[in-house]
J.: 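What follows is a structure written as structure tokens; I'll ask about it next.
What's counted below: heavy atoms across the whole structure, side chains too, no hydrogens, waters or symmetry copies. These numbers were taken from a predicted model, which means no experiment stands behind them.
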Amino acid sequence: MRIGELARRTGVSERSLRYYETQGLLTADRTPGGQRTYGEWAVDRVIRIQALYAAGLHSKKIAQLLPCMRDTDGGPSAIATARLVADLTTERSRLDRLITDLLRSRDILDEAIATASEAPLRGAGPS
């Protein structure tokens with residue numbers, strides 16, 4: 001598939017896809033005219049890249065991690081090192097802390113909403 005179709009199917013801009021390629025996160029074959037083409041596997045890869053970015057990982061860490069993950073076209077490379085596993089474990093702990101903080105913030109908001117709902121609402125309508 002061409003870059004435009006990959007962008008459409010994943011909801012990621014063509015510019016981002018080209019950036020992923022420069023960062024070593026995505027590879028493309030080239031037509032004789034120089035246009036990028038991707039296999040079906042690229043859809044899954046781009047979705048994973050987006051999820052990892054959303055989790056707060058940077059492109060260098062994602063580049064290390066991707067070869068250790070399975071795409072729809074087969075198994076991972078066997079390049080995982082103890083250092084990479086430790087780094088990923090640290091990232092997971094960071095995410096756990098963020099989730100805990102977000103849940104705490106949501107609980108505080110729920111309490112404020114409940115308290116505000118019990119009080120007579122002022123200024124809600126025309127005077």
J.: Would you say the side chain of L17 lies within less than 4.5 Å of the side chain of E21, judging by non-hydrogen atoms?
T.: no
J.: Out of curiosity, L25 CG to I49 CD1, how far, rounded to the nearest 0.5 Å?
T.: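 It comes to 4.5 Å.
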J.: How long is the span from the NZ atom in K61 to the CG atom in L88, to the nearest 0.5 Å?
T.: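 One finds 6.5 Å between NZ of K61 and CG of L88.
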J.: How many angstroms lie between atom OG1 of T89 and atom CD of E91, to the nearest 0.5 angstrom?
T.: 10.0 Å
J.: At their closest point, which heavy atom of Y20 faces which heavy atom of V46, and how far apart are they?
T.: CE1-CG1, 4.2 Å
J.: Distance-only, no hydrogens or angles: does the T22 side chain make a donor-acceptor pair with backbone N or O of Y19 under 3.5 Å?
T.: yes
J.: Considering only heavy atoms from C-beta outward, does the side chain of L26 approach that of L6 to under 4.5 Å?
T.: yes
J.: Does T31 reach the side chain of R2, with side-chain heavy atoms less than 4.5 Å apart?
T.: yes
J.: So do the side chains of T10 and Q50 get within less than 4.5 Å of each other, counting heavy atoms only?
T.: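 No. Closest side-chain heavy atoms not under 4.5 Å.
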J.: Do the non-hydrogen side-chain atoms of R106 and L109 ever get within less than 4.5 Å of each other?
T.: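 No, every pair of side-chain atoms sits at 4.5 Å or beyond.
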J.: Other residues, nucleotides and ligands only: do more than 12 of their heavy atoms fall within 6.0 Å of CZ on R15?
T.: no
J.: Calculate, to the nearest 0.5 Å, the distance between atoms OG and CD1 belonging to S16 and I3 respectively.
T.: 9.5 Å
J.: If you take all heavy atoms of S13 and A7, which pair is closest and at what distance?
T.: C-CB, 4.2 Å
J.: Got more than 12 heavy atoms from elsewhere within 6.0 Å of CZ, R94?
T.: yes
J.: Is there a continuous path of hydrophobic side-chain contacts, each under 4.5 Å between heavy atoms, that joins L57 to I47?
T.: yes
J.: Roughly how far, to the nearest 0.5 Å, is CG of D110 from OG of S105?
T.: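 Spacing of OG (S105) from CG (D110) equals 11.0 Å.
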J.: Passes side-chain contact (heavy atoms from CB on, under 4.5 Å), R92 versus D96? Steps please.
T.: CA-CA 6 Å; R92 180 164 168 47; D96 286 342; 3.5 Å; yes
J.: Is R97 salt-bridged to D101, cutoff N-O under 4.0 Å?
T.: no
J.: Hey, what do you get for OG1 (T100) to CG (L95), rounding to the nearest 0.5 Å?
T.: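 Answer rounded to 0.5 Å: 10.5 Å.
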J.: Could you tell me whether R36 and E14 make a salt bridge, using a distance below 4.0 angstrom between a side-chain N and a carboxylate O?
T.: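 No, no charged N to carboxylate O under 4.0 Å.
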J.: Any idea which heavy atoms bring G39 and M1 closest together, and the distance?
T.: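 Nearest heavy atoms, G39 then M1: O-CE, 3.6 Å.
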